[in-house]
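Notes follow once the structure below has been shown.
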Number of protein chains: 2
Amino acid sequence: MTGKRPTIDDVARVSGVARVTVSRVLNGGPNVRDEVRARVMRAIEQLDYKVNPQARSLAGGASRLLAFVFASDLENDPNSYYESALELGALRACLTLGYQVLVQNVPQQTPDREKRVLDLITSQRCEGLILSPPYSDDVSLIQAALAQGCKVVTVSPGGPGRGIADGVGVDDEAGGYDMARELLRLGHRRFGFIAGLEGHLSADRRMKGFERALAEESLGQEAWIMARGDFTFRSGAHLAPQLLDHPLSPSALVCANDDMAAGVLSAAHARGLSIPRDLSITGFDDAPVAAIVWPPLTTVHQPVKVLGQRAVEMLVARLTGANTASTPVFQQLDHAVVHRQTTAAR
Amino acid sequence: MTGKRPTIDDVARVSGVARVTVSRVLNGGPNVRDEVRARVMRAIEQLDYKVNPQARSLAGGASRLLAFVFASDLENDPNSYYESALELGALRACLTLGYQVLVQNVPQQTPDREKRVLDLITSQRCEGLILSPPYSDDVSLIQAALAQGCKVVTVSPGGPGRGIADGVGVDDEAGGYDMARELLRLGHRRFGFIAGLEGHLSADRRMKGFERALAEESLGQEAWIMARGDFTFRSGAHLAPQLLDHPLSPSALVCANDDMAAGVLSAAHARGLSIPRDLSITGFDDAPVAAIVWPPLTTVHQPVKVLGQRAVEMLVARLTGANTASTPVFQQLDHAVVHRQTTAAR
DNA sequence: CGCTTCCATGGAAGCGCTTCCAGTAGCACG
DNA sequence: CGTGCTACTGGAAGCGCTTCCATGGAAGCG
């Protein structure tokens, strides 16, 4: 059964047409009579013919290969949800679009990380690149890829990433704002905020939104304290005590993502606090962990899988010429505050 | 800068040799003088030449493409850790081996799932296939892939998967046994066991090991009750009450994976139980969630990322001819019981 | 009715590589 | 000095496809 696979010439022979005609049928080209098209299709089916993507790529100059790069490192950062969901969405979208995605993990601390990414797209001849945070804000990387003729879509870009290449994401600033409004509504007036890594712009926007909501209630610097984590459970658990012991004595801890919130929750349990009676805690992302911890976490939902799907769709639109916009396009998807059980009235 | 990339002929011209010689250097072939080899290398560097994998594949008949198939569906089953870690390990291994992996997600309930997998490997010309549970036990799928001339490695195969193709995994039966011994040592004599999905053999082996440990203490059917979950948090949370309300009144709940254990934990909290004082709970896998829940979960660690890495290595060994064993090889990696805080003496 | 235009099809070239086979040079041997 | 090696190098063919251009016939037009 290992016998050689049929080629386009086999199909041509069986259906009694020239190779070119089969190619036309394969690629949905025009100028083929319906009768002939049907005959070719039948031969394809009969022979169980599948185009050889390598040959097609070589001849046509289009590899139909996309690259998806993510930074998170399972060693230090078990939160693979965001990346997994993006990938799954991308994979799903590819299924119908006839593209394949090559995944690459490049931990953020990799010394020659930019080169690693560029090497992948040049050596594998990728036509498109999906960048997840924090790479979606790496302007020099984006420009280098673009210069290679590789289309780029950034997922959840912050300020810099936005506007250079196509992008897709939720409005992080509004998400942070909405979450803060919710806590204000519940009567909270003293906050702790656990921010994301320095330079992670989409996380910074969450904080900015939070700040804006406070400002609307005339609450300034005196009303909240900030600590900077690295998105991991560990950092949340580590930072929580500092904030809780601060003289401000916050009644709510707002985190830039769910994993850190889970860490805060764990630290709160460890010191015997009752959640949400003694302390309100919020996250961001609505990752599975948010529903798994006890009590389940109030957070901001974002449709991560759809983000991945859209990223591929936008890329393919550029590649097929369906999108010829001369300026970068940004698709903004909806977020939503999800009320669970870690928030209560003060 | 979008200018065409250099080809092997450019390298040949610059270094003053024939194309074939460059090809020899590229592929580490013999019969090239050191001086010539160095000259070619210099030209490659100078031109920043990268082999065109599509052309190579077309000419040489080797795509250097591997497929990784996993079943878990983020919609119903947020536990992407196992698959993510496998993938990451596989990706890492590929980095040095010059292979690429094509990832595909095929939810288990997909009607034509076998066809979907075969389509991927035939249409993309994949040379190797990595199957994670439950596909690692799908004998007909394995044989179909093998018949296509595609090498197969199964990850954590149960009975059937083992012995048909190369495989890698831990000793699930021993893992279940070890965990049970530990609970017996702590004085537990009445158990609840939350098993995995019917037909998920590696999970069944965990139960078998558990049963054997009990039997060694002369504890039989009367000492434990079983419920069957589907590996999700939800199913653990759902099943726990049934087991706890059973007249046997188990003092420990043993779960076939961590997510279900987290669900049990959540259900236990919901009914006001104090863990581990009122109830001991154990998981399996040592996924990140095990360290994130409160209190952190006692579980059996397995080196998932290494599993993924080994899977690729075994595949490549077959493809390059480094491994010519006529019978399937199985690599068994070590597991270890990780004591955290959901287990206590009875 | 002779002209252009359009549609449907095919022939040939060539994408960038590897593999097969045919050299050529250098050397030891009798 | 011819023979038979071995070590190295190159020419040519061809992998399975797409693209460019040529061809023939059917329609459209004045």
Side-chain angles (χ1 to χ4, degrees), chain A residues 3-41 43-44 47-65 98 122-125 127 149 319-321, chain B residues 3-41 43-44 47-65 98 122-125 127 149 319-321:
Chain A
K4 292 187 53 52
R5 296 208 52 82
T7 75
I8 195 175
D9 286 313
D10 295 323
V11 177
R13 197 173 329 107
V14 169
S15 48
V17 297
R19 190 201 299 181
V20 229
T21 304
V22 178
S23 177
R24 281 195 191 93
V25 173
L26 253 23
N27 298 292
N31 301 349
V32 179
R33 262 185 307 151
D34 284 351
E35 187 262 315
V36 173
R37 190 183 299 275
R39 192 142 42 90
V40 172
M41 296 288 254
I44 289 177
L47 294 171
D48 188 31
Y49 168 79
K50 301 268 189 335
V51 206
N52 180 323
Q54 284 86 24
R56 162 180 279 174
S57 163
L58 181 57
S63 65
R64 308 206 188 184
L65 245 35
T122 61
S123 72
Q124 297 298 315
R125 295 348 195 222
E127 303 179 72
L319 292 169
T320 56
Chain B
K4 290 190 52 57
R5 297 209 50 84
T7 75
I8 195 173
D9 286 313
D10 296 322
V11 176
R13 197 173 329 106
V14 169
S15 48
V17 296
R19 188 201 300 181
V20 224
T21 305
V22 178
S23 176
R24 281 195 191 94
V25 172
L26 254 23
N27 298 293
N31 300 348
V32 180
R33 262 184 308 148
D34 284 350
E35 188 262 316
V36 174
R37 190 181 299 274
R39 192 143 41 91
V40 172
M41 296 288 253
I44 289 176
L47 295 172
D48 188 31
Y49 168 78
K50 303 268 192 331
V51 208
N52 180 322
Q54 283 86 24
R56 164 181 278 175
S57 164
L58 182 56
S63 65
R64 306 203 189 188
L65 246 34
T122 61
S123 73
Q124 297 297 316
R125 298 342 199 224
E127 303 180 72
L319 292 170
T320 57

Stepwise side-chain contact (heavy atoms from CB on, under 4.5 Å) check, A:Leu26 with A:Tyr49: CA-CA 11 Å; A:Leu26 253 23; A:Tyr49 168 79; 3.8 Å; yes
Expected output: side-chain B:Arg24 to main-chain B:Gly29 donor-acceptor under 3.5 Å: no
Spatial distance of atom CG (A:Asp10) from atom CZ (A:Arg5) [nearest 0.5 Å]: 10.5 Å
Reading 5' to 3' through nucleotides 6-16 of chain D, protein heavy-atom contacts under 4.0 Å coded B for base, S for sugar-phosphate only, - for none: --BBBB-BBBB
Atom pair CG/CD of A:Leu65 and A:Gln124 - distance to nearest 0.5 Å: 7.0 Å
Under 3.5 Å: donor-acceptor pair, side chain of A:Glu127, backbone of A:Ser63: yes
Pair assignment for DNA chain D - dot-bracket with | for other-strand partners, Watson-Crick or G-U under 3.5 Å: ||||||||||||||||||||||||||||||
Straight-line distance of B:Ser57 OG to A:Leu58 CG, nearest 0.5 Å: 9.5 Å
Any donor-acceptor pair under 3.5 Å from B:Arg37 side chain to B:Gly28 backbone: no
